[in-house]
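FYI, the numbering just counts along the sequence from 1.
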Amino acid sequence: MIRLLRVCIAAWLWAALWPLAFAQAPAAALQTLPGVVATLDKSRIALGEPVTLTLRRPKSLARGLDTLDLQALRADFDIATRSLGRDASTEDMRLTLYPLRAGTLTLPRFAPRGQPLTLQVADGPVDGVTSAEPAPRVRVRVFSEPDSAAGWVVRQPVRLTLEACFTGQLLWKPPTLASRNGLSVRLLGERSEAGEIDGQPCTAQRWQWAVVPQVAGPLRLTWPLLQATRFGNEWRFPAPAVAAVARALPDWLPGELPLREPQLLGQRLPTESSLRDPLAWELEIEADYGDGTLAELLRAQLAGDAVWSAYPPEVRPAPGRGLSPRWAVRLLAQPQDTGPLQPPTLRLPWVDPQAGGQGTALRQLDIPAEVIDITDPQAGAVWRWVIGMLAVLLTAAAVLGSAWRLWRGWRRYQLATRQHAKLLDAIERSTVGADLRQALADLADGDASGATLSELLARVQTRWRGPSLTDWAQRFERQRFGTGVDAVVGFEPLRQELLYLAQALRPRQVTVMRTLGRGESVSTSQQFT
């Protein structure tokens with residue numbers, strides 16, 4: 001009876017479980033397939049080089065190669081490409097694999113009785129292996145600031161750097177690092193600089209991210225293989241993963257303050273300003289303040305200042321790829337009085353997560369400013385108007401004085417010219433020797449009473465410049481008093497000679513007594529050249 005009961009129970013269980021087992025069998029992936037032959041095109045490669053794995057089996061067998069589970073390969077290789085081909089008798093699968101580490105790598109068995117394949121992966125170019133394009137020497141490393149070994153702090157920005165130092169020339173595809181739950185990631189940029197591998201120079205290609213943990217706990221960051229190309233050849237290099245632990249902040253720390261010291265990137269403040277115009281103080285700050293936190297912080301510091309509290313602070317995001325967000329700050333002030341104005345010292349608090357206690361963790365960045373000279377534009381305008389008017393008056397006086405001197409000189413020149421013409425006319429009308437002596441007296445000064453001939457000649461040389469009259473005067477005296485051969489010289493030659501000499505004379509100094517219409521007399525003298 002008991003045996004019959006056992007048989008019935010076993011039959012019932014078999015009937016109940018058989019459909020379930022039959023339904024799951026086709027969906028389960030096979031670890032191996034009978035008749036599969038696996039081959040590698042290379043037995044030794046350098047880290048970064050690809051290797052081709054070929055799987056071949058007869059087509060007549062039941063299940064195809066596409067049912068193989070390739071998950072075991074992903075422990076040591078990255079599967080870049082996968083292709084499947086069939087002909088009348090066989091089917092084959094080609095896999096392009098990139099090793100994830102250096103050393104001896106063992107491939108899994110793909111047939112129940114097959115032998116596992118091994119691949120030697122060298123950390124650098126392989127000696128003795130000829131290739132159209134040998135693999136470059138590449139060293140990949142990851143470092144962070146602060147160091148991941150010391151641990152990170154929630155909300156503290158971390159500068160994460162991925163570096164590929166290589167020899168030769170390579171064109172790199174930028175790697176990606178995406179944000180996820182509990183971790184904020186922002187790309188900072190990439191750059192190239194000189195590096196060194198085992199004492200040999202190399203080119204270091206660096207990619208940087210700003211990583212901010214959002215929750216406490218362990219973190220692990222991984223990258224896909226780094227891709228580099230040269231002359232159509234492609235290499236892929238593994239990058240080490242980053243493991244860190246994010247620590248939670250103490251409850252007493254303010255949640256709005258940054259966990260990194262703010263950086264003052266620049267400020268612009270004029271050295272002088274007008275009393276009538278608002279004064280602008282512009283700053284650029286890099287800090288992890290939240291939206292509105294920096295504006296509220298500055299508004300609270302300027303609340304007690306009557307000059308700088310007239311306008312609310314303007315804070316807006318600024319472009320830039322720094323470890324922390326950038327803020328463009330604009331503070332406006334309305335000066336009340338003229339004279340020196342000392343802007344307040346701004347203080348930006350922050351939290352040092354490496355400090356131990358509450359008193360040492362809270363720090364601040366002081367931003368001082370230079371003294372500004374405030375001037376009144378209205379008072380300055382009055383003084384500028386007065387100075388301008390004085391300059392105009394002085395210029396007008398100088399112009400009028402110059403015009404007056406030119407006019408006086410011209411008038412004196414005209415008087416001297418008319419006087420000279422009268423003298424020439426008197427010489428032409430002379431008929432006797434007394435007329436010539438009077439003309440000579442007129443050339444001297446017009447007064448011939450009591451003057452000798454030598455005195456007259458001296459006075460003529462004082463007033464006129466030109467040929468000398470000494471020889472003419474001697475012949476004139478001899479002709480008048482009848483001595484020598486000159487006594488027979490007639491009057492007319494002496495008159496013509498004096499006229500000729502007088503025409504060549506030019507006034508040196510003219511003294512003109514001019515009577516004005518109202519009875520006033522003015523004595524003027526001018527030097528003519």
Side-chain angles (χ1 to χ4, degrees), residues 25 27-59 61-86 90-142 162 164 166 175 197-198 220-229 233-243:
L30 299 176
Q31 295 294 334
T32 59
L33 284 179
V36 175
V37 179
T39 58
L40 291 173
D41 64 337
K42 301 175 185 177
S43 61
R44 298 172 58 196
I45 63 172
L47 187 64
E49 282 187 297
V51 63
T52 302
L53 172 65
T54 303
L55 303 177
R56 183 175 290 107
R57 72 190 297 265
K59 186 179 180 182
L61 297 179
R63 294 180 177 88
L65 292 175
D66 53 350
T67 61
L68 275 175
D69 184 9
L70 303 178
Q71 189 62 33
L73 278 174
R74 302 184 186 276
D76 293 326
F77 297 92
D78 177 75
I79 302 176
T81 61
R82 173 178 174 176
S83 61
L84 185 64
R86 293 185 178 92
T90 60
E91 66 173 348
D92 57 18
M93 178 184 293
R94 293 179 180 272
L95 303 174
T96 303
L97 307 178
Y98 286 90
L100 298 179
R101 58 184 178 88
T104 302
L105 305 183
T106 302
L107 282 73
R109 294 186 300 176
F110 298 95
R113 297 182 181 180
Q115 295 296 327
L117 301 175
T118 59
L119 179 66
Q120 298 293 330
V121 180
D123 188 9
V126 180
D127 297 333
V129 177
T130 60
S131 176
E133 185 67 23
R137 182 173 180 81
V138 178
R139 181 195 64 191
V140 181
R141 61 173 184 156
V142 180
L162 174 61
F166 59 94
I197 300 180
D198 299 334
R220 181 176 176 82
L221 287 77
T222 59
W223 287 269
L225 294 183
L226 301 181
Q227 301 181 23
T229 58
N233 298 286
E234 181 177 342
W235 293 275
R236 298 188 179 186
F237 302 92
V242 177

| task | Scan side-chain atoms only and decide if Thr104 and Gln120 contain a donor-acceptor pair under the 3.5 Å cut-off. | result | yes
| query | How long is the span from the CZ atom in Phe77 to the CG atom in Leu107, to the nearest 0.5 Å? | reply | 4.5 Å
| Atom CG in Leu119, atom CG in Leu40: separation rounded to 0.5 Å? | 6.0 Å
Between [X] and [Y], what is the shortest heavy-atom contact and its length?
{"X": "Asp123", "Y": "Arg137", "value": "O-NH1, 3.4 Å"}
{"X": "Arg94", "Y": "Thr54", "value": "NH1-OG1, 3.5 Å"}
{"X": "Ala72", "Y": "Pro108", "value": "CB-CG, 3.9 Å"}
{"X": "Ile45", "Y": "Lys42", "value": "CG2-CD, 3.5 Å"}
{"X": "Thr106", "Y": "Pro116", "value": "CG2-CB, 3.9 Å"}
{"X": "Glu234", "Y": "Pro50", "value": "O-CD, 4.0 Å"}

| query | Do Arg57 and Glu91 pass the side-chain contact (heavy atoms from CB on, under 4.5 Å) test, and can you show the C-alpha distance, the side-chain angles, and the key distance before you say yes or no? | reply | CA-CA 6 Å; Arg57 72 190 297 265; Glu91 66 173 348; 3.9 Å; yes
Does the side chain of [Y] come within less than 4.5 Å of [X]'s, by heavy atoms?
{"X": "Leu55", "Y": "Leu53", "result": "yes"}
{"X": "Val142", "Y": "Trp223", "result": "yes"}
{"X": "Arg220", "Y": "Val242", "result": "no"}
{"X": "Leu162", "Y": "Pro175", "result": "yes"}
{"X": "Leu47", "Y": "Pro99", "result": "yes"}
{"X": "Phe110", "Y": "Leu117", "result": "no"}
{"X": "Leu225", "Y": "Leu100", "result": "yes"}
{"X": "Val140", "Y": "Leu226", "result": "yes"}

| request: Apply side-chain contact (heavy atoms from CB on, under 4.5 Å) to Thr81 and Leu95, showing your working. | output: CA-CA 6 Å; Thr81 61; Leu95 303 174; over 6 Å; no
| task | Verify, without hydrogens or angle tests, whether Asp41 (side chain) and Thr52 (backbone) share a donor-acceptor contact under 3.5 angstrom. | result | yes
| Donor-acceptor under 3.5 Å (Glu49 side chain, Trp235 main chain) | no
| Over 12 non-hydrogen atoms of neighbours within 6.0 angstrom of CZ in Arg139 | yes
| request: Evaluate side-chain contact (heavy atoms from CB on, under 4.5 Å) for Arg236 paired with Asp78, printing each intermediate quantity in order. | output: CA-CA 9 Å; Arg236 298 188 179 186; Asp78 177 75; 3.4 Å; yes
